[in-house]
**Student:** 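I'd like to ask you about the structure that follows.
The first residue of the sequence shown is numbered 1, and numbering continues consecutively from there. Heavy atoms only: backbone and side chains are in, while hydrogens, waters and symmetry mates are out.
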Amino acid sequence: MNPHDSDSDFDIDTDDRPSRSQLKREAEALQDLGLALVELPQAKLDRIEMPEKLREAIDLARRITAHGGKRRQMQYIGKLMRNFDAEPVRAQLDAMQQADRRSAQRFHLLEALRDKLIAEGDEALGEILERYPQADRQHLRQLIRQAQQERDKNKPPASARSLFRYLRELDEASANDREERQ
């Protein structure tokens with residue numbers, strides 16, 4: 001009998017286990033998540049819910065300065081994370097990073113609005129009043145004039161900073177109003 005004649009002799013056991021390379025990618029992803037947690041500021045790390053053993057390992061990794069020791073500790077953190085569902089931790093970290101990105105975008109938008117007000121003066125004021133109807137027109141005009149004078153005289157931009165702070169207050173009040181309506 002030819003060994004190739006029987007199909008049953010060559011049935012490959014096709015179980016649904018992931019490949020070694022897939023397991024390695026998952027382990028590296030968990031180590032990357034662990035590294036992101038280690039590099040997170042303490043105040044943000046404290047807001048993330050995680051097992052106490054993982055928190056202790058992260059705290060220890062923050063204190064280790066030797067390269068080899070830190071690398072081993074990061075591998076240990078990855079191993080710990082394989083023993084529990086890391087998705088909630090990843091989701092919390094992603095939510096924090098997304099909030100940080102939104103905050104940075106709002107900051108840049110407010111900077112651009114301030115710069116536009118200083119450059120264009122009263123012509124740009126309508127856009128601000130439309131965006132923030134609660135804004136004090138007279139106070140805005142005064143801040144704009146002072147910022148323009150400082151710019152023209154090459155003085156430190158104290159009024160430009162005040163204008164930015166006022167725009168930020170308006171933006172925060174507007175955001176709070178939107179949240180209350182929802």
Side-chain angles (χ1 to χ4, degrees), residues 28-52 54-65 67 70 74 77 81 85-182:
E28 287 173 353
L30 289 175
Q31 281 185 15
D32 290 344
L33 177 60
L35 180 62
L37 292 171
V38 168
E39 293 175 347
L40 209 58
Q42 187 65 44
K44 289 184 178 186
L45 183 65
D46 291 343
R47 294 193 327 236
I48 294 182
E49 294 180 29
M50 66 181 80
E52 193 57 36
L54 177 61
R55 189 173 300 281
E56 291 169 2
I58 289 171
D59 289 340
L60 180 59
R62 290 171 154 215
R63 292 191 305 265
I64 295 174
T65 57
H67 177 70
K70 189 157 197 132
M74 293 309 301
I77 289 171
M81 294 178 81
D85 183 17
E87 270 315 300
V89 172
R90 185 185 319 274
Q92 293 174 67
L93 182 63
D94 288 346
M96 277 184 190
Q97 290 171 338
Q98 196 172 39
D100 288 346
R101 282 190 295 274
R102 281 193 307 269
S103 177
Q105 286 173 337
R106 283 184 38 210
F107 182 86
H108 293 303
L109 171 73
L110 293 175
E111 279 184 326
L113 287 174
R114 177 205 55 206
D115 294 344
K116 185 175 182 176
L117 283 171
I118 294 171
E120 298 177 13
D122 285 346
E123 292 90 43
L125 196 56
E127 178 185 342
I128 300 300
L129 294 173
E130 187 176 313
R131 183 183 287 256
Y132 306 113
Q134 75 275 25
D136 181 352
R137 177 186 303 259
Q138 186 176 359
H139 183 60
L140 268 172
R141 279 193 173 131
Q142 181 181 12
L143 288 172
I144 293 168
R145 271 194 313 276
Q146 290 171 348
Q148 289 170 334
Q149 288 171 358
E150 288 172 350
R151 178 197 61 196
D152 295 341
K153 294 178 181 177
N154 290 325
K155 289 188 172 185
S159 294
R161 288 188 199 110
S162 297
L163 178 59
F164 178 82
R165 279 192 297 273
Y166 184 65
L167 290 172
R168 187 176 58 207
E169 290 169 10
L170 290 172
D171 189 62
E172 288 171 358
S174 178
N176 291 338
D177 289 346
R178 281 191 303 267
E179 287 176 8
E180 287 176 3
R181 281 185 254 138
Q182 291 178 354

**Student:** Starting at CG of Leu35, measure out to CG of Leu30 and round the result to the nearest 0.5 Å.
**Tutor:** 12.5 Å

**Student:** Who passes side chain to side chain contact (heavy atoms under 4.5 Å, CB included) against Gln142, sequence neighbours left out?
**Tutor:**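 Gln142 satisfies side chain to side chain contact (heavy atoms under 4.5 Å, CB included) with His139, Arg145, Gln146 once adjacent residues are dropped.
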
**Student:** For Gln134, does the CD atom sit with more than 12 other heavy atoms under 6.0 Å from it, leaving out its own atoms?
**Tutor:** yes

**Student:** Roughly how far, to the nearest 0.5 Å, is the CG atom of Leu125 from the CZ atom of Arg137?
**Tutor:**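 Here the interatomic distance stands at 5.5 Å.
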
**Student:** For Val89 and Glu49, work out which heavy atoms get closest and say how close.
**Tutor:** CG2-O, 3.6 Å

**Student:** Could you work out, with side chain to side chain contact (heavy atoms under 4.5 Å, CB included) as the rule, every residue matching Asp59, not counting sequence neighbours?
**Tutor:** Gln42, Leu45, Arg55, Arg62, Arg63

**Student:** Minimum heavy-atom separation for Gln92 and Ile48, please, with both atom names.
**Tutor:** OE1-CA, 3.2 Å

**Student:** According to salt bridge (charged side-chain N to carboxylate O under 4.0 Å, His left out), who are the partners of Glu123, at least two apart in sequence or on a separate chain?
**Tutor:**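 With neighbours one apart ignored, the set is empty.
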
**Student:** Starting at CG of Leu163, measure out to CD1 of Ile128 and round the result to the nearest 0.5 Å.
**Tutor:**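 Rounded to the nearest 0.5 Å, the CG-CD1 separation comes to 8.0 Å.
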
**Student:** Glu56 versus Glu52: any side-chain heavy-atom pair under 4.5 Å?
**Tutor:**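 Heavy-atom side-chain distance check passes, below 4.5 Å.
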
**Student:** Please tabulate, for side-chain N and O atoms in residues 164-171, each donor-acceptor pair with protein atoms closer than 3.5 Å (sequence neighbours left out).
**Tutor:**
from   : atom 1 : to     : atom 2 : distance (Å)
Arg165 : NH2    : Ser162 : OG     : 3.2
Tyr166 : OH     : Asp136 : N      : 2.8
Asp171 : OD1    : Tyr132 : OH     : 2.9
Asp171 : OD2    : Arg106 : NE     : 2.7
Asp171 : OD2    : Arg106 : NH2    : 2.8

**Student:** Going from CG on Leu109 to CZ on Arg131, what distance comes out if it is rounded to the nearest 0.5 angstrom?
**Tutor:**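 CZ of Arg131 is found 5.0 Å from CG of Leu109.
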
**Student:** Quick one, Leu117 and Leu143 - any side-chain contact, counting heavy atoms below 4.5 Å?
**Tutor:** no

**Student:** Considering non-hydrogen atoms only, spot the tightest contact between Met74 and Gly34 and give its length.
**Tutor:** CE-C, 3.5 Å

**Student:** Which heavy atom in Ala160 sits nearest to a heavy atom in Ala147, and how many Å separate them?
**Tutor:** N-CB, 3.9 Å

**Student:** Excluding sequence neighbours, so at least two apart, what forms side chain to side chain contact (heavy atoms under 4.5 Å, CB included) with Arg151?
**Tutor:**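 For Arg151 the side chain to side chain contact (heavy atoms under 4.5 Å, CB included) partners, ignoring immediate neighbours, are Ile118, Gln148.
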
**Student:** Side chain to side chain contact (heavy atoms under 4.5 Å, CB included), that's the test. Do Ile77 and Leu37 meet it? Break it down for me.
**Tutor:** CA-CA 10 Å; Ile77 289 171; Leu37 292 171; 5.9 Å; no

**Student:** With sequence neighbours left out, which residue pairs that include part of residues 107-122 fulfil the salt bridge (Lys or Arg N to Asp or Glu O under 4.0 Å) condition?
**Tutor:** Lys116-Glu127, Asp122-Arg141

**Student:** Identify, with sequence neighbours excluded, every residue that meets side chain to side chain donor-acceptor pair (under 3.5 Å) alongside Glu150.
**Tutor:**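 In terms of side chain to side chain donor-acceptor pair (under 3.5 Å), with neighbours along the sequence ignored, Glu150 is linked to Ser159.
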
**Student:** Return a table of donor-acceptor pairs under 3.5 angstrom between the side chains of residues 98-105 and protein atoms on other chains or two or more places apart.
**Tutor:**
from   : atom 1 : to    : atom 2 : distance (Å)
Asp100 : OD1    : Lys44 : NZ     : 3.0
Asp100 : OD2    : Lys44 : NZ     : 2.4

**Student:** Among residues at least two apart in sequence or on other chains, which ones pass side chain to side chain contact (heavy atoms under 4.5 Å, CB included) with Ile64?
**Tutor:**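 Once residues adjacent in sequence are excluded, the partners of Ile64 under the side chain to side chain contact (heavy atoms under 4.5 Å, CB included) criterion are Leu60, Lys70, Gln73.
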
